[in-house]
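In what follows, chains are A, B, ... by sequence order, proteins preceding strands, each numbered from 1. Predicted model, so just to flag it, every value in this text is computed and none were measured.
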Number of protein chains: 2
Amino acid sequence: MTTTDWLEELQAERPRLGRASTAGRVADVLRTRITEGHLAPGTRLSEEDIGAALGVSRNTLREAFRLLGHERLLVHEFNRGVFVRKLTVDDVRDLYQLRRILECGAARRAAERLASDPSYADRWATLVEPARAAAEEGQAAAEEGRWVDVGTANMHFHQAIAALAESPRVAEAMGHLLAELRLVFHVMAAPQAFHEAYLPDNRRILGMLEARDLAGAEAAMATYLDAAESQLVEAYSAG
Amino acid sequence: MTTTDWLEELQAERPRLGRASTAGRVADVLRTRITEGHLAPGTRLSEEDIGAALGVSRNTLREAFRLLGHERLLVHEFNRGVFVRKLTVDDVRDLYQLRRILECGAARRAAERLASDPSYADRWATLVEPARAAAEEGQAAAEEGRWVDVGTANMHFHQAIAALAESPRVAEAMGHLLAELRLVFHVMAAPQAFHEAYLPDNRRILGMLEARDLAGAEAAMATYLDAAESQLVEAYSAG
DNA sequence: ATTGACGAATTGTTCAACAATCCCTCACTC
DNA sequence: GAGTGAGGGATTGTTGAACAATTCGTCAAT
């Protein structure tokens with residue numbers, strides 16, 4: 001795909017810019033464009049071209065770039081421009097290190113509160129509900145062959161696990177983390193098979209959550225994360 | 001020392017070179033101004049006034065505002081301006097929730113790697129070194145009555161614990177978290193006594209780290225965080 | 001006391017200009 | 001032929017001004 005190709009496609013997204021902050025909306029457009037893989041990692045984003053394509057000024061566009069830079073989707077090199085983030089193998093390892101701490105930590109905190117906080121225990125069914133919904137959505141998407149949806153459902157599942165901590169900051173960190181991970185998935189050869197392989201794991205983890213076996217769920221997630229990381233690292237250093 | 005060693009060391013110096021962005025420097029100035037308590041939470045930051053005071057244009061200043069907004073030191077209200085973040089009691093609780101997950105998680109990961117990764121175990125002394133330095137600095141500052149330094153040393157200590165995970169993303173998250181926490185400390189009546197009270201805890205935790213008793217350190221930190229949170233929440237709802 | 005209109009002040013956004021920097025090309029030297 | 005400098009074009013960094021959009025305080029009217 002050439003440069004002018006996706007610039008024309010960007011122009012098609014232009015009507016979506018109708019409300020709230022212009023810079024924020026521009027960031028939204030570019031974010032989905034990046035996380036959905038239409039912008040290859042390493043691509044340089046020209047201020048002039050994109051500004052013209054989206055019909056916003058350079059200043060506003062630069063604000064949007066800063067937003068996405070802080071989400072680590074873009075890297076900003078001084079006097080050279082912004083580029084779609086290209087993750088290294090070390091980045092992949094670091095992302096999984098953080099996932100372990102965040103997801104297992106959320107499970108551990110949930111276990112503690114289940115034991116000590118009755119009001120938290122009472123809400124447990126509704127807290128696990130998003131995880132169940134994500135797992136079932138992944139299952140349904142796989143059966144119907146909607147492979148991209150399998151991937152997003154998988155991410156929703158793990159976001160739901162992080163949400164057990166009931167912490168806005170944990171949720172936001174997890175969101176940014178998963179957005180970065182999408183950059184990794186897009187350079188894989190067969191992301192479909194990758195995500196589908198972990199559906200049974202998710203179902204098993206979900207079962208433990210609903211049975212309030214948080215220790216089991218934490219252990220299962222640890223092995224799941226180890227496996228996913230090594231598989232991803234291997235695929236990444238190959239390609 | 002081989003050639004590649006030199007090159008790797010040079011790469012570490014790289015951030016010092018690209019530090020020429022005006023917006024970045026403006027953000028630095030405002031950040032220290034905020035975290036050191038010279039700007040009270042809730043204060044509105046006028047684009048015109050601050051731009052004139054610092055001698056930068058509104059556009060550049062707005063870029064700096066965006067940076068600090070993403071670090072949660074400023075809040076941006078559309079069409080109203082930016083304000084120094086005013087944290088609620090819920091924010092304090094959430095901050096400590098995240099601290100528990102990050103710090104205890106880092107300790108737990110360190111324990112796992114100490115058991116499974118010989119090269120990590122070999123480096124353990126140098127990994128703990130920053131924590132020791134921070135603890136001793138806090139001790140010295142307290143004896144000489146330099147109370148603000150006691151606070152920053154305390155933060156360095158916990159940053160050092162998070163750094164045991166050897167994860168850039170964990171370190172950055174911890175940095176932002178502690179910067180936010182400084183906003184809380186400044187509204188306290190007697191931050192000196194608050195920080196000084198936890199010096200013995202830090203020494204005790206440090207001892208466990210050096211003895212490679214990570215389980216003990218994790219437990220001690222959990223109780224430390226619980227105590228600090230409840231003390232802070234109490235002081236916060238009072239004032 | 002409440003409402004609503006008016007106006008001043010501030011932010012949101014764009015535009016144009018210039019300085020600083022990067023990157024490519026092309027001679028030039030050895 | 002490889003390496004080294006010297007232009008020169010293109011892009012980013014930053015500024016200042018301008019105008020639209022919005023907020024907020026004021027004040028008159030009810």
Side-chain angles (χ1 to χ4, degrees), chain A residues 2-4 6-7 10-11 13-31 34 39-40 42-70 73-86, chain B residues 3 7 10-11 13-31 39-40 42-70 73-86:
Chain A
T2 74
T3 304
T4 50
W6 59 265
L7 284 178
L10 270 184
Q11 249 172 348
E13 304 239 25
R14 201 165 151 174
R16 292 183 62 183
L17 278 62
R19 44 174 188 234
S21 156
T22 314
R25 286 183 331 249
V26 170
D28 287 343
V29 171
L30 293 177
R31 178 172 23 245
I34 294 171
L39 261 49
T43 308
R44 176 167 153 276
L45 270 46
S46 159
E47 295 186 352
E48 198 168 5
D49 294 349
I50 294 185
L54 289 176
V56 299
S57 76
R58 277 181 61 209
N59 287 326
T60 302
L61 186 60
R62 286 165 66 85
E63 284 201 7
F65 283 169
R66 295 308 184 275
L67 293 183
L68 296 172
H70 230 282
L73 296 182
L74 299 179
V75 289
H76 183 175
E77 300 185 19
F78 195 76
N79 273 323
R80 294 199 54 231
V82 297
F83 303 79
V84 179
R85 174 134 209 160
K86 190 186 287 181
Chain B
T3 305
L7 291 179
L10 273 182
Q11 236 174 357
E13 302 269 331
R14 204 164 138 179
R16 290 189 179 180
L17 290 181
R19 266 304 191 213
S21 160
T22 319
R25 289 195 310 263
V26 170
D28 287 344
V29 170
L30 293 177
R31 180 172 22 244
L39 287 166
T43 308
R44 175 168 153 273
L45 270 47
S46 159
E47 294 186 353
E48 198 168 4
D49 294 351
I50 296 185
L54 290 176
V56 299
S57 76
R58 275 181 63 209
N59 286 324
T60 302
L61 186 59
R62 287 166 65 86
E63 284 202 8
F65 283 169
R66 293 307 187 274
L67 292 181
L68 297 171
H70 252 283
L73 295 181
L74 298 179
V75 289
H76 183 176
E77 301 185 18
F78 195 76
N79 274 321
R80 294 200 55 230
V82 297
F83 303 80
V84 179
R85 175 133 208 161
K86 189 187 287 182

A.B. asks: Identify which nucleotide among C/dT14, C/dG12, D/dG13 has an atom closest to any side-chain atom of A/Ser57, counting heavy atoms from C-beta outward.
C.D. replies: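 Nearest listed nucleotide: C/dT14.
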A.B. asks: Could you state the atom-to-atom distance from CG of A/Leu61 to C1' of C/dC15 in whole Å?
C.D. replies: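 That distance rounds to 15 Å.
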A.B. asks: Any idea which heavy atoms bring B/Ala27 and B/Ala64 closest together, and the distance?
C.D. replies: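 Heavy atoms of B/Ala27 and B/Ala64 come nearest at N-CB, 3.9 Å.
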A.B. asks: Which is true for B/Gly51 with a 4.0 Å heavy-atom rule: it touches a base, it touches only sugar-phosphate, or it touches nothing?
C.D. replies: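 It contacts nothing in the nucleic acid.
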A.B. asks: Output the single nucleotide from C/dT11, D/dT15, D/dG13 whose closest atom is nearest the side chain of A/Arg58.
C.D. replies: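 Nearest listed nucleotide: D/dG13.
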A.B. asks: Looking only at non-hydrogen atoms, find the nearest pair between A/Leu54 and A/Val26 and report the distance.
C.D. replies: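 Of all heavy-atom pairs spanning A/Leu54 and A/Val26, the closest is CD1-CG1, 3.8 Å.
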A.B. asks: With a 4.0 Å cutoff (strictly under), does any side-chain N or O of A/Arg44 reach OP1 or OP2 of D/dT11?
C.D. replies: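 Looking at the OP1 and OP2 atoms of D/dT11, neither is under 4.0 Å from any side-chain N or O of A/Arg44.
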A.B. asks: Please give, in whole Å, the distance from C/dT11 P to B/Phe78 CZ?
C.D. replies: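 Distance, rounded to whole Å: 13 Å.
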A.B. asks: Whole angstroms only, please: what is the CG-P distance between A/Asn79 and D/dT12?
C.D. replies: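 Interatomic distance, CG of A/Asn79 to P of D/dT12: 10 Å.
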A.B. asks: Give the rounded distance in Å between these two atoms: CG of A/Leu45 and C1' of D/dT12.
C.D. replies: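 Atom-to-atom, A/Leu45 to D/dT12, this comes out as 14 Å.
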A.B. asks: Looking only at the side chain of A/His76 (C-beta and beyond, no hydrogens), which of the listed nucleotides D/dT12, D/dG13, C/dT14 gets closest?
C.D. replies: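 The answer is D/dG13, which lies nearest to the side chain.
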A.B. asks: Would you mind telling me which of D/dG13, C/dT10, D/dT22 lies closest to the side-chain atoms of B/Glu48?
C.D. replies: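 It is C/dT10.
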A.B. asks: Between C1' on C/dC22 and CD on A/Glu47, what's the gap in Å once rounded to a whole number?
C.D. replies: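 Answer to the nearest Å: 14 Å.
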A.B. asks: May I ask you to say whether B/Asp28 pairs ionically with B/Arg31, meaning some side-chain N is under 4.0 Å from a carboxylate O?
C.D. replies: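 Yes.
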A.B. asks: In whole angstroms, how far is the C1' atom of C/dT11 from the CD1 atom of B/Ile50?
C.D. replies: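 Rounded to whole Å, this separation is 14 Å.
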A.B. asks: For D/dG13, does the base pair up with any side-chain atom of A/Arg80 as donor and acceptor (N or O, under 3.5 Å, distance only)?
C.D. replies: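 Answer no: no donor N or O sits under 3.5 Å from an acceptor.
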A.B. asks: OP1 or OP2 of D/dT15 versus the side-chain N and O atoms of B/Thr60: is any pair under 4.0 Å?
C.D. replies: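 For D/dT15, OP1 or OP2 has a side-chain N or O of B/Thr60 closer than 4.0 Å.
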A.B. asks: Select one nucleotide: of C/dT10, D/dT12, C/dT13, the one nearest the side-chain heavy atoms of B/Asn59.
C.D. replies: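 My answer, after comparing the listed nucleotides, is C/dT13.
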A.B. asks: How close or far is atom C1' of C/dG12 from atom CD of B/Glu77, stated in whole angstroms?
C.D. replies: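 The distance from CD of B/Glu77 to C1' of C/dG12 comes to 15 Å, rounded to the nearest Å.
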A.B. asks: Rounded to whole angstrom units, what separation is found between the CZ atom of B/Phe65 and the P atom of C/dG12?
C.D. replies: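 Going from B/Phe65 (CZ) to C/dG12 (P), I get 10 Å.
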A.B. asks: What's the spacing between B/Arg58 CZ and B/Ile50 CD1 if we round to 0.5 Å?
C.D. replies: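 Atom-to-atom, B/Arg58:CZ and B/Ile50:CD1 are 12.5 Å apart.
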A.B. asks: Choosing from D/dT22, D/dT14, C/dT14, which nucleotide comes nearest the side chain of A/Thr22?
C.D. replies: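 Given the options D/dT22, D/dT14, C/dT14, the side chain of A/Thr22 is closest to C/dT14.
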A.B. asks: What's the separation between atom CZ in A/Arg44 and atom CG in A/Leu74, rounded to the nearest 0.5 Å?
C.D. replies: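 Nearest 0.5 Å value for the CZ-CG distance: 12.5 Å.
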